[in-house]
2 protein chains.
Amino acid sequence: MDDSKIRNMEQFARVSGISRPTVSKYFNDPSSVRPKTRARIEEALEQYDYRPNIFAVNQNRRLTKNIGIVVPYLADPFFAEIARNIEQRCMQAGFWPTLFSAHGDSALEVEILDSLRSLKPAGVLLAPLGRASDRAAVEKFCDDVPTVLFDSNIEGVGEAFVGSDNTQFVKLSVEYLCRTGQPPCFFEMPPVNPNANKRRNGYIQAMEANGFAPQVIRVAGEGWGFEEVGYRGGLDVIDRKLLTSDTVLCSNDRLAIGFLAACYERGMRVGRDADCALRVAGHDDHPFSRFGCPPLTTIAQDYEKISERSVEALFHLIEGGRSAGPRIETLFEGKLVMRASA
Amino acid sequence: MDDSKIRNMEQFARVSGISRPTVSKYFNDPSSVRPKTRARIEEALEQYDYRPNIFAVNQNRRLTKNIGIVVPYLADPFFAEIARNIEQRCMQAGFWPTLFSAHGDSALEVEILDSLRSLKPAGVLLAPLGRASDRAAVEKFCDDVPTVLFDSNIEGVGEAFVGSDNTQFVKLSVEYLCRTGQPPCFFEMPPVNPNANKRRNGYIQAMEANGFAPQVIRVAGEGWGFEEVGYRGGLDVIDRKLLTSDTVLCSNDRLAIGFLAACYERGMRVGRDADCALRVAGHDDHPFSRFGCPPLTTIAQDYEKISERSVEALFHLIEGGRSAGPRIETLFEGKLVMRASA
DNA sequence: ATAAAAACTTTACGCGCGTAAATAAGTTGA
DNA sequence: TCAACTTATTTACGCGCGTAAAGTTTTTAT
């Protein structure tokens with residue numbers, strides 16, 4: 001391996017015996033040059049490990065190969081997992097994914113979108129904060145940059161949305177719980193995004209459909225420290241005896257994990273067994289749910305499919321040059337994951 | 001706000017009535033121009049929201065304002081938290097942090113370092129995978145790019161290291177446990193990084209210093225799904241009655257959370273109370289530890305200080321132009337966090 | 001007021017690459 | 001073999017900005 005320093009494409013073109021414009025063409029699309037010249041270039045590429053200057057490339061291309069991935073809260077392993085999945089798909093397709101987290105802060109979310117704009121990304125995959133998002137700012141961004149929303153929808157914003165069918169999620173869990181014991185009450189906090197609303201409303205619908213009176217218990221709390229909210233709210237609800245059923249369906253798993261901690265602290269045994277005081281279930285199949293005490297019965301989001309379809313939708317958008325028809329919303333169904341908690 | 005499109009610095013300079021070189025100077029350091037001209041520029045900046053093309057800027061600067069942050073496993077909220085902290089400090093200082101996760105894969109770690117190189121970063125904050133890291137590749141990278149290691153040390157690599165004093169961590173926990181009950185056995189998995197080794201060795205030392213015979217229990221398992229390893233290992237150890245003490249000190253909190261799940265499944269009550277079969281403790285004060293059942297007694301890492309000092313060290317390095325003396329290792333002490341589990 | 005210093009303007013070049021136009025060379029098929 | 005394509009080469013310009021040099025204006029200090 002000749003380690004003489006190749007400083008630019010000019011020099012690399014010389015040592016490979018191919019003209020610079022052709023080499024440039026090669027780097028934009030290796031299959032766009034004759035197999036013979038491609039071989040010569042790749043041969044040289046192994047001797048001198050040259051890589052085009054990414055800043056110069058991005059400056060001159062009208063559209064870069066950058067893809068922005070924005071999640072609302074990266075310390076939530078759900079988003080970490082889905083981001084990982086999306087990231088790898090993008091890389092495989094030859095893009096440069098960059099990951100951002102709004103850390104639960106809408107001002108930061110806007111800031112991220114602003115600096116993302118200057119990255120001239122080919123596209124963006126955005127899981128918005130939700131209710132807290134600056135709708136106008138997000139909408140304006142989506143007008144400028146091809147964007148696919150995922151996880152949390154903002155009606156009419158972005159070229160597509162990929163997420164879960166939250167109404168179906170709750171229908172599944174409610175029906176299961178009603179079938180196997182007391183009809184559940186619904187444990188929630190002030191909704192951070194439309195998903196939370198859909199879940200509550202879905203709960204109410206499903207209960208009524210099954211002929212039961214819905215009982216929604218909303219505890220106070222804000223921000224993205226859901227476990228904390230579930231824990232404090234759980235203690236409060238238990239101490240004030242506000243539970244209207246021995247079965248508690250939590251809006252999401254993180255809330256449920258906090259609620260479980262509260263139950264534990266108050267000595268209330270959770271599970272299906274006869275000696276248990278409560279059944280508790282959640283939604284999402286959060287990575288940590290299976291290690292709860294007891295392991296949490298929940299509805300599993302299809303991480304794989306959500307990330308796969310999101311990326312697909314974005315690529316389609318990028319190739320199709322925007323006007324790829326109307327805004328499409330894709331919702332995936334969840335699956336019941338029965339564990340010991342309910 | 002005049003929305004006429006300012007396409008480049010030339011045009012912006014014209015509308016602001018300042019020459020382009022001076023405007024350029026302003027963007028590199030606003031305080032480097034006379035207050036009066038600064039005011040004129042900033043006035044224009046509000047009318048026409050112009051931002052220098054980041055690709056052109058980075059191409060021409062010898063060193064960019066980019067900072068790479070590399071963590072071994074982002075789905076671990078510990079790293080997510082510390083990354084968030086570091087990220088914000090970098091932004092405040094006017095840098096462009098970019099976050100990467102090796103996802104537990106050493107090949108990906110090398111790949112990240114490679115593409116990081118082409119970002120011409122001013123510096124990099126790297127929490128290496130540890131034992132799995134390709135030492136030669138990491139070392140070579142650190143030769144080329146000013147790098148501060150954190151969390152997991154690689155002797156002699158990078159310009160500085162910032163982490164926790166794992167020996168002290170274990171000393172703290174061992175002494176607490178010995179003082180308040182049976183001397184603990186040590187529950188670990190095959191070490192992924194030097195920290196794990198230091199913890200085990202620290203345990204042995206501390207036990208001997210207190211006049212007890214150390215008992216290390218190593219369970220099988222690999223990868224970064226620590227909870228799973230702790231859970232499976234826990235079941236195995238319980239079923240085969242391998243526990244040599246009623247007090248189990250886990251190498252880290254994630255392992256402990258898995259172990260707690262195993263205890264729960266086997267009906268072993270964990271805690272300090274008389275009716276409890278086991279005491280369990282961990283290390284790190286992982287974000288989820290306080291929501292365990294029972295909440296986990298642990299030794300808290302000082303997230304704040306680790307990230308603060310890491311960033312400080314890197315900035316010092318960036319300003320000082322490398323030769324800022326010898327490699328410095330900074331270790332922070334942990335604090336005992338007493339919860340219900342031990 | 002006046003010289004010295006500081007800050008600014010003008011002019012010009014270079015960074016590394018995308019890309020267009022004209023031309024030359026190579027490939028294909030009958 | 002020769003025309004009709006394809007593909008590569010040569011030449012040249014532009015992207016938006018950093019930055020150096022030389023000249024001009026403004027500020028500071030005496």
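To find a chain, count down the sequence lines: A is the first, B the second, and so on, and within it residues start at 1. These figures come from a predicted structure and were not determined experimentally.
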Backbone of [Y] reached by a side-chain donor or acceptor of [X] within 3.5 Å:
X        : Y        : result
A/Lys25  : A/Ser32  : yes
A/Gln59  : B/Gln59  : no
B/Arg327 : B/Phe161 : no

Restricting to non-hydrogen atoms, name the atom on A/Phe79 and the atom on A/Pro72 that form the minimum distance, rounded to 0.1 Å.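 So the two residues come closest at CZ-CG, 3.5 Å.
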Taking side-chain contact (heavy atoms from CB on, under 4.5 Å) as the definition, give me every residue that meets it alongside B/Arg20, ordered by chain and number, with sequence neighbours left out. B/Met9, B/Glu10, B/Ala13
All side-chain hydrogen bond (donor to acceptor under 3.5 Å, both in side chains) counterparts of [X], not counting sequence neighbours:
X        : result
B/Ser115 : none
A/Ser152 : none
A/Glu87  : B/His103
A/Asp151 : none

Does the side chain of B/Tyr50 pick up a donor-acceptor pair with the side chain of B/Gln11 at under 3.5 Å? no
Give the residues of [range] touching DNA chain D, defined as any heavy atom closer than 4.0 Å, sorted by residue number.
range                       : answer
residues 54-67 of chain A   : A/Gln59, A/Asn60
residues 111-119 of chain B : none
residues 22-30 of chain A   : A/Thr22

Tell me if the aromatic rings of A/Phe78 and A/Tyr303 count as close, with their centers under 6.0 Å from one another. yes
With A/Val162, the side-chain contact (heavy atoms from CB on, under 4.5 Å) member among A/Ile306, A/Ile328, A/Leu149: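 Only one of A/Ile306, A/Ile328, A/Leu149 forms a side-chain contact (heavy atoms from CB on, under 4.5 Å) with A/Val162, namely A/Ile306.
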Atom pairs, N/O to N/O, protein against nucleotides 23-25 of chain D, distance under 3.5 Å?
none

Which value, rounded to the nearest 0.5 Å, describes the distance between B/Trp96 atom CH2 and B/Asn58 atom CG? 8.5 Å
In whole angstroms, the gap separating P of D/dT10 from CZ of A/Arg20 amounts to 12 Å
Acceptor/donor pairs from residues 61-69 of chain B side chains to any protein atom, 3.5 angstrom cut, sequence neighbours excluded:
residue	atom	partner	partner atom	Å
B/Arg61	NH1	B/Asn28	OD1	2.4
B/Thr64	OG1	B/Asn66	N	3.0
B/Thr64	OG1	B/Asn66	ND2	3.3
B/Thr64	OG1	B/Lys120	O	2.7
B/Asn66	ND2	B/Leu119	O	3.2

On DNA chain C, does the nearest nucleotide to A/Met9 precede the nearest nucleotide to B/Ser19 from the 5' side, or the other way round? Give the residue. B/Ser19
Terminal contacting nucleotides, 5' and 3', DNA chain C versus chain A (heavy atom, 4.0 Å): C/dG16 to C/dT27
Salt bridge (Lys or Arg N to Asp or Glu O under 4.0 Å): pairs with one or both residues in residues 73-83 of chain A, sequence neighbours excluded: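 As it turns out, the salt bridge (Lys or Arg N to Asp or Glu O under 4.0 Å) pairs with a partner in residues 73-83 of chain A, which skip direct neighbours, are A/Asp76-A/Arg254, A/Glu81-A/Arg84.
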Is any side-chain N or O of A/Thr37 closer than 4.0 Å to OP1 or OP2 of D/dA8? yes
